[in-house]
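All remarks here apply to the structure that follows.
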Amino acid sequence: MEKPVLAALLSCKGTSLSDKEKYIFERGNPLGVTLFSRNIANKKQLKALISEIKQAIGRENTLIAIDQEGGRVRRLKGPNFRAYVSQYAIGSLPTAEAERTAKLHARLISADFKDVGLNVNFAPVLDIAYPQTTEALRSRCFSDDPAVVASLGKIMVNQYMVNGILPCIKHLPGHGLAVTDPHMELPVVDIPATRLQNELAPFKTCRHAPLGMTAHILFPAIDKHNPLTQSAVGIRELIRGQIGFNGFLLSDAINMRALSGNLVERATLSLNAGCDAVCYCMGNTDELNLLTDNCPKLSDAASERLDKAMQILHNVFQPVSLKADAAEYTKLKGKATPYRETYDATEVLYKLQQGTK
């Protein structure tokens with residue numbers, strides 16, 4: 001009989017696993033692990049770390065995830081990895097060039113992932129950019145035009161899937177109207193429910209994606225008390241209902257300050273609301289143990305959605321023309337409009353919680 005899978009993507013502290021982390025992963029049997037900049041020194045080390053994680057968990061369908069959107073949200077960096085532009089830069093190009101760049105962007109990132117053993121990218125971002133959109137998000141959005149966001153997002157989703165990588169669309173059901181950073185506080189968007197249709201459009205186009213990530217955002221018109229990640233009515237009516245997303249639903253990081261309560265309460269509320277699993281990103285050993293001891297296992301419905309998503313990993317990446325594709329991507333991204341980016345909220349939050357500047 002197979003061991004039940006913990007409904008959580010966990011994390012680790014450094015560039016290799018400690019004995020305690022190996023024990024936690026073996027004992028807890030988590031859905032997988034998310035890696036961050038702190039976990040990556042170079043390609044050789046990263047491959048070794050991923051091998052350690054998979055060996056510790058010991059399960060074939062282990063998810064090894066990372067944020068590789070492009071621009072400042074890019075965990076794989078030089079000199080061992082290609083430089084990728086932000087989604088904002090891609091969206092700034094003329095339509096035909098933007099579409100070609102989006103395809104090459106996802107294809108080349110897929111090649112990087114296949115090379116080291118990653119299988120989940122928390123991308124693309126399908127939020128719509130507005131003048132008031134928080135700086136933590138704006139450069140990560142393709143455009144202020146929902147049709148452009150939908151079109152470029154769909155190209156990326158399809159390209160990751162055909163190359164055997166699981167894309168994760170975010171942040172369901174739309175985060176562009178938020179003016180505050182959920183890493184630091186809970187954004188509240190007090191608009192009529194009908195106004196949300198604009199935000200839902202790109203997600204409807206990409207609802208065939210295997211994975212999706214929720215937004216830590218309060219929409220009082222939908223639920224006066226609970227952020228979307230922890231709102232049963234929001235997940236049921238907006239994500240599963242109006243958007244029609246039937247894939248595996250992950251929470252955004254539960255250690256973000258937008259959520260309240262202790263870690264177990266945050267996880268439990270998110271899962272009870274309808275998330276299939278939660279993401280924990282800080283790599284704190286005590287908190288890892290706490291989640292391992294108290295987080296529920298994957299539900300039967302979540303397991304079915306996971307099994308369906310995992311089939312995509314059987315798609316074989318075709319390396320033909322990879323060198324030419326890389327050269328073309330470099331040329332195209334050189335035409336894009338750069339965006340002044342200085343703020344990586346996830347890494348800032350990690351440093352704050354570690355007591356460092």
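- Residues C279 and I254 have side chains not in contact (no heavy-atom distance under 4.5 Å, counting atoms from C-beta outward).
- The hydrophobic cluster containing V162 does not contain I312, counting ILVMFWY residues as joined when their side-chain heavy atoms lie under 4.5 angstrom apart, directly or transitively.
- L104 and M161 fall within a single hydrophobic cluster, where Ile, Leu, Val, Met, Phe, Trp and Tyr side chains are chained together by heavy-atom contacts under 4.5 Å.
- Enclosure of atom OH in Y23 is not indicated, since only 12 or fewer non-hydrogen atoms of other residues, nucleotides or ligands lie within 6.0 angstrom.
- Within the 4.5 Å cutoff, the side chain of L313 has heavy atoms near those of the M310 side chain.
- Between K308 and D276, none of the side-chain N atoms (NZ, or NE/NH1/NH2) sits under 4.0 Å from a carboxylate O, so this pair counts as no salt bridge.
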Practice problem: Please step through salt bridge (charged side-chain N to carboxylate O under 4.0 Å, His left out) for the pair D293 and R27, ending with a clear verdict. | Solution: CA-CA 9 Å; D293 289 339; R27 178 173 71 91; 2.6 Å; yes
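- To the nearest 0.5 Å, atom CG of residue L269 and atom CG of residue N226 are 7.5 Å apart.
- Side-chain contact check for N198 versus Y130: some heavy-atom pair is nearer than 4.5 Å.
- Inter-residue side-chain proximity for P124 and Q159 is flagged as unmet; no heavy-atom pair is nearer than 4.5 Å.
- Interatomic distance, I109 CD1 to Y160 OH, rounded to the nearest 0.5 Å: 3.5 Å.
- K170 forms no cation-pi arrangement with F122, by the criterion of a distance under 6.0 Å to the ring centre and an angle within 45° of the ring axis.
- Between the side chains of T214 and T229, a donor-acceptor pair is found at a separation under 3.5 Å.
- Residues L9 and Y280 fail the side-chain proximity criterion, which asks for heavy atoms closer than 4.5 Å.
- Between E21 and K13 there is no salt bridge, since no side-chain N of the basic residue sits under 4.0 Å from a carboxylate O of the acidic one.
- Note: C281 SG to R38 CZ = 7.5 Å, rounded to the nearest 0.5 Å.
- In this structure, I66 and I40 have side chains that are in contact, with non-hydrogen atoms separated by less than 4.5 Å.
- A salt bridge links E69 to R140: one of the charged nitrogens lies within less than 4.0 Å of a carboxylate oxygen.
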Exercise. For L200 and F203, run side-chain contact (heavy atoms from CB on, under 4.5 Å): C-alpha distance rounded to whole Å, both residues' side-chain angles, the deciding distance at 0.1 Å, then the answer.
Key: CA-CA 5 Å; L200 304 184; F203 294 100; 5.6 Å; no
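- Between R82 and D112, at least one side-chain N (NZ, or NE/NH1/NH2) sits under 4.0 Å from a carboxylate O, which counts as a salt bridge.
- V189 and L137 fall into different hydrophobic clusters, where Ile, Leu, Val, Met, Phe, Trp and Tyr are joined by side-chain heavy atoms under 4.5 Å apart, directly or via other members.
- No side-chain heavy atom of V149 sits under 4.5 Å from any side-chain heavy atom of T205.
- In this structure, F142 and L152 approach most closely via the heavy-atom pair CD2-CD1, 3.7 Å.
- Around CD of Q55, the count of heavy atoms belonging to other residues, nucleotides or ligands within 6.0 Å does not exceed 12.
- Side-chain atoms of Q132 never come within 3.5 Å of backbone atoms of L177 as a donor-acceptor pair (strictly under, hydrogens ignored).
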Exercise. Start with the C-alpha gap between H105 and M156, add the side-chain angles, then the distance that decides, and say whether side-chain contact (heavy atoms from CB on, under 4.5 Å) holds.
Key: CA-CA 8 Å; H105 184 94; M156 282 196 180; 3.3 Å; yes
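- For the atom pair CD (Q87) and SG (C141), the distance works out to 7.5 Å, reported to the nearest 0.5 Å.
- Within a 6.0 Å sphere centred on NZ of K43, other residues, nucleotides and ligands contribute more than 12 heavy atoms.
- The backbone N or O of L288 sits less than 3.5 Å from a side-chain atom of T292, completing a donor-acceptor pair.
- Y84 and Y329 have their aromatic ring centers within a separation under 6.0 angstrom.
- In this structure, C168 SG and N121 CG are separated by 9.0 Å, a value rounded to the nearest 0.5 Å.
- Atom NZ of K154 and atom SG of C206 lie 7.5 Å apart (nearest 0.5 Å).
- Side-chain polar atoms of D307 and Q311 form no donor-acceptor pair below 3.5 angstrom.
- Between F81 and L46, some side-chain heavy-atom pair lies under the 4.5 Å cut-off.
- Taking 4.0 Å as the cut-off between side-chain N and carboxylate O, D127 and R138 do not count as a salt-bridged pair.
- For the residue pair D223 / S231, a side-chain donor-acceptor distance below 3.5 Å is found, with atom types taken as modelled.
- Under the 4.5 Å side-chain heavy-atom criterion for ILVMFWY residues, a single connected hydrophobic cluster contains both I217 and I191.
- The cluster map of Ile, Leu, Val, Met, Phe, Trp and Tyr, joined by side-chain heavy atoms under 4.5 Å apart, puts L271 and V5 in the same cluster.
- Using a 3.5 Å distance cut-off with no hydrogens or angles, the side chains of T268 and N272 do not pair a donor with an acceptor.
- Judged purely by distance below 3.5 Å, without hydrogens or angles, the side chains of D286 and N289 never pair a donor atom with an acceptor atom.
- Ion pairing between R59 and E2 fails under the 4.0 Å rule for side-chain N and carboxylate O.
- Side chains of N246 and R207: no donor on one and acceptor on the other come within 3.5 Å.
- Nearest approach of I235 to C275, heavy atoms of both residues: CD1-N, 3.9 Å.
- Using a 3.5 Å distance cut-off with no hydrogens or angles, the side chains of N158 and H208 do pair a donor with an acceptor.
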